[in-house]
Amino acid sequence: MKLKVLLPLLLLLAVSLVAYPRLRHRYVRYQQRQTAAKATEQISTRLRNGDLIFNTSQSAQSRAIQLATHSPYSHCGILFQRNGEWRVFEAVQPVSETSLAAWVARGKNGQFVVKRLRDAETVLTPDALRRLQAAGEQYRGRNYDLYFGWSDERIYCSELLWKMYRQATGREIGKLQTLREFDLSHPAVQAKLQERYGKRIPLDEKVISSVRMLESKELVTVR
């Protein structure tokens, strides 16, 4: 395309993005999807079933989780390949799965980390992978647990992955903590606790955070 034609079109696009916030948002989302698609294509051949993936959620509660755990990572899921496509099984609302590219695009700046069981080659046999998927399927459709309780009625992201691996392999990925062990001092964290629990904060409730799983010695980094 000639420069005389291209320049006015680029100018029109720039003006439109500034003048129309909705159009700008759609353009940003398009860029995010393109970046995510490229990133997932590059890593797809290195992935294995049962790998864990971590990112920074852009949900309303993500900042409070980051402050309380002192980690930028606030969400996680588990990877399985279905019909040649990599999918992320995760606890959102409700527990479900999505394509890897869509999952990456949903996170902050398209950044993510992939981890793998350190001895996956010997532990994650075909039978073990079937048990791992079966352990996850029992939670499919369950509501997301906004209160981070340890019961199975509702479930949050890291709890889902921890319980799947515990049930399927006997391995505990990440150290369980109680709510009181987190940094609850920041006003944003205090506000979220007040919103969720009022004055009855369950400080002794068992919790597994994304960062404790991410840092577990049971895992090695893939990406």
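Fair warning: this is a prediction, and the values are worked out from it, not measured in the lab.
Checked against side chain to side chain contact (heavy atoms under 4.5 Å, CB included), Asp204 has the following partners two or more places apart in sequence or in another chain: Arg180. Applying the side-chain hydrogen bond (donor to acceptor under 3.5 Å, both in side chains) test to Thr178 and every residue at least two apart in sequence or in another chain returns Glu181.
Nearest approach of Met164 to Leu132, heavy atoms of both residues: CE-O, 3.3 Å.
Each of Arg196, Gln66, Lys192 was compared with Gln61 under the side chain to side chain donor-acceptor pair (under 3.5 Å) criterion, and only Arg196 meets it. Partner of Arg166 under the salt bridge (Lys or Arg N to Asp or Glu O under 4.0 Å) criterion, chosen from Glu172, Glu159, Glu218: Glu172.
Looking at Glu215 and Lys175, no side-chain N of the basic residue comes within less than 4.0 Å of a carboxylate O on the acidic one, giving no salt bridge. Between Asp119 and Arg171 a salt bridge is recorded (basic side-chain N to carboxylate O distance below 4.0 Å).
Counting only N and O atoms by type, the side chains of Asp183 and Ser185 include a donor and acceptor under 3.5 Å apart. Side-chain atoms of Gln93 and Asn143 form a donor-acceptor pair, as typed in the model, at a separation below 3.5 Å. When only modelled atom types and interatomic distance are considered, Ser62 and Ser57 share no side-chain donor-acceptor pair under 3.5 Å.
Using modelled atom types, no side-chain atom of Thr98 and backbone atom of Trp103 make a donor-acceptor pair closer than 3.5 Å. No donor-acceptor distance shorter than 3.5 angstrom exists from the side chain of Thr221 to the backbone of Arg223, with no hydrogens or angles considered.
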Compile the donor-acceptor pairs under 3.5 Å between side chains in residues 147-155 and protein atoms, sequence neighbours left out, one pair per line.
from, atom 1, to, atom 2, distance (Å)
Asp152, OD1, Lys163, NZ, 2.6

